[in-house]
Amino acid sequence: MNILFASSEAVPFSKTGGLADVCGALPVELAKLGHPPALILPHYRKTRYCGQPIEPLGIDFIVPIGSKMVSGHLLKSVMPDGNTPVYLVEQDQYFDRDELYGADGKDYVDNCERFVFFSRAVLEAIRLLDLKIDVLHANDWQTGLALAYLKLEYGKLPRYQKIAGLFTIHNIAYQGQFWHWDMLLTGLDWKYFNWRQMEFHGNLNLLKTGLVFADAISTVSPRYAREIQSSPLGSGLEGVLQARRDSLFGILNGIDAKEWDPQNDPHLPAHYNAETVERVKPICKAALQKELGLPRESSAPLIGFVGRLADQKGLDLVIDVMQRWVQTSDVQWAILGTGEPKYHKALEKLADRFPGKAAVRLEFSTPLAHRIEAGADMFLMPSRFEPCGLNQLYSLRYGTVPVVRSTGGLADTIVGYDPLAPNENANGFAFEEYSSLALGEALRQACDAYRRPEVWQKLIAVGMNQDWSWSRSAKEYVALYEKTMERSGVTTN
């Protein structure tokens, strides 16, 4: 099969979140399985400095955007694997900006127009580049319109008749909603602006558009695929997803097993694997304690958190538990991330008052994130919702036991340890109720287990010996592409 990924970002060309990680890793794994992929992305200002060669193709195009015609150019690059082609859509008026989607905390006011243009460019590129495509794999709201154009405008043309469309939701909370008059920018007939297709409470909704016009829909974990079919996690689109439940599938994201490998991680003071973790991991813990200014106490459980300091990530629960525990327990905390000012303020206050218990770094640092994964004993993810989650997978690989709330991909990957009914597959600790009491109880159980080396080392061994690589996920996507083609009624080109 020949797969074309349409995405607004992909590592190493552009990134704001997990979408970029998926679209940067999955195509490379598909190529290894013998299914030639290609990517098409906007050419942002930041893309110029991605470290990959970029060359003009001398291919120009013009597409209608509302009542005007807008021109663009196609460039070509390649993924770091050296085999997977990447096509870049250049249009400086839309994409030559400091950030991808907005600045100073606000979205760009012309985001609808920008991604109408990109979606049209995706369809034009197939023709202009003479690409033979079996599946167009569109991702998130920025490319939802590409599937509408495939069905409504290009579907009858010979080159496009045998292209099936898959749409992946990475986080349904971000939907690409715009006022109704932006429907004019799409060039599509107003008859499609209705509650069954593109309209959502009076607005144009580009995520909904992708859901409606795709042959199949996927999201980033099986549990999340079920959760978004009901309120509140469906974010208002649960009815659409219920109607399409037979076409909705959940596939867990994978991790980059080369970047996240404790045997070869250049950011660590010492390297280890499942056989040497018990001996070497304490070296990483001691080094992290020293780096963060925490007392080098091997017996004190060290809890790590890396991520956005936001409501979604359960920071209200974390701070509530920390405020009690820093005064009553010997547990240490290592917090890394940026986010909402209220959480910055609360964490800074805790770190100032209890410097021997709480170390807080309000920044984003890839090297430090790796060292926390290796040096912490436990990793905390008490999310309100979590489509997939990657940090719990990094933690398993690094022998750092996750403590999570059972939602989305966290529920699909973490089997909670129960001291009253031990499970041979347990690899962490989990709780259901979204409350600081439930989080505190899960952490208490984890700390009790930490003081029982035979239990703790078994949890570590189970996690480190599991396969959460993209090679596993890619095989599931191959099967899904075949289903998508069956549902579209086409066969391989």
Side-chain angles (χ1 to χ4, degrees), residues 7-9 16-20 22 100-102 105-107 111-112 115 119 138-148 166-180 182-183 192-214 216-253 307-308 310-317 339-340 381-390 405-412 432 434:
S7 177
S8 60
E9 54 185 88
T16 64
L19 168 63
V22 175
L100 274 58
Y101 310 124
K106 296 181 179 179
D107 292 343
N111 269 352
C112 184
F115 291 102
S119 293
N139 294 270
D140 271 355
W141 69 263
Q142 294 90 340
T143 57
L145 269 171
L147 298 177
L166 174 66
F167 187 60
T168 295
I169 309 162
H170 295 264
N171 189 335
I172 202 168
Y174 300 96
Q175 299 184 3
Q177 291 194 58
F178 304 96
W179 77 322
H180 63 284
D182 278 342
M183 183 69 184
Y192 299 112
F193 188 79
N194 64 75
W195 69 274
R196 292 183 181 275
Q197 293 176 304
M198 299 176 70
E199 181 268 342
F200 183 76
H201 297 293
N203 291 323
L204 172 64
N205 187 312
L206 299 187
L207 185 80
K208 180 178 179 179
T209 299
L211 298 178
V212 168
F213 289 101
I217 304 162
S218 73
T219 190
V220 292
S221 72
R223 174 73 171 257
Y224 193 58
R226 297 192 297 273
E227 290 176 340
I228 60 178
Q229 293 181 56
S230 60
S231 180
L233 294 186
S235 297
L237 293 176
E238 53 270 14
V240 179
L241 292 162
Q242 289 168 13
R244 300 221 59 194
R245 59 185 176 274
D246 292 340
S247 301
L248 174 60
F249 305 88
I251 298 177
L252 277 166
N253 286 341
R308 285 187 295 114
D311 290 340
Q312 183 212 323
K313 299 298 183 180
L315 262 293
D316 55 334
L317 305 187
E340 298 175 29
M381 295 184 72
S383 305
R384 289 177 183 269
F385 66 93
E386 195 67 59
C388 177
L390 292 177
R405 180 166 175 264
S406 290
T407 182
L410 301 177
D412 287 324
E432 293 281 348
Y434 189 84

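- For residues 219-232, the salt bridge (Lys or Arg N to Asp or Glu O under 4.0 Å) pairs, not counting sequence neighbours, are Arg223-Glu227.
- Take Tyr101 and apply the side chain to side chain donor-acceptor pair (under 3.5 Å) test, not counting sequence neighbours, and it matches Ser8, Glu9.
- Counting only distance, with no hydrogens or angles, the side chain of Ser406 and the backbone of Ala411 share no donor-acceptor pair below 3.5 Å.
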### Message
Could you go through Tyr434 and Asp316, starting from their C-alpha distance and side-chain angles, then the distance that decides it, and tell me whether this counts as side-chain contact (heavy atoms from CB on, under 4.5 Å)?
### Response
CA-CA 10 Å; Tyr434 189 84; Asp316 55 334; 2.6 Å; yes
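- Between atom CG of residue Leu211 and atom CG of residue Asn205 there is a gap of 8.0 Å, rounded to the nearest 0.5 Å.
- Listed by chain and residue number, nothing satisfies the side chain to side chain donor-acceptor pair (under 3.5 Å) test with Ser7 (two or more places apart in sequence, or in another chain).
- Scanning for side chain to side chain donor-acceptor pair (under 3.5 Å) contacts around Thr143 gives an empty result, with sequence neighbours left out.
- Taking the salt bridge (Lys or Arg N to Asp or Glu O under 4.0 Å) definition, one finds that Asp412 meets it with nothing, sequence neighbours left out.
- Of the possible donor and acceptor atoms, one in the side chain of Gln242 sits under 3.5 Å from a partner among the backbone N and O of Gln229.
- For Asn194, the side chain to side chain donor-acceptor pair (under 3.5 Å) criterion is met by Gln197, not counting sequence neighbours.
- Between Trp141 and Phe115, the two ring planes are perpendicular [angle over 60°; tilted spans 30° to 60°].
- Tyr174 OH: 12 or fewer foreign heavy atoms inside a 6.0 Å radius.
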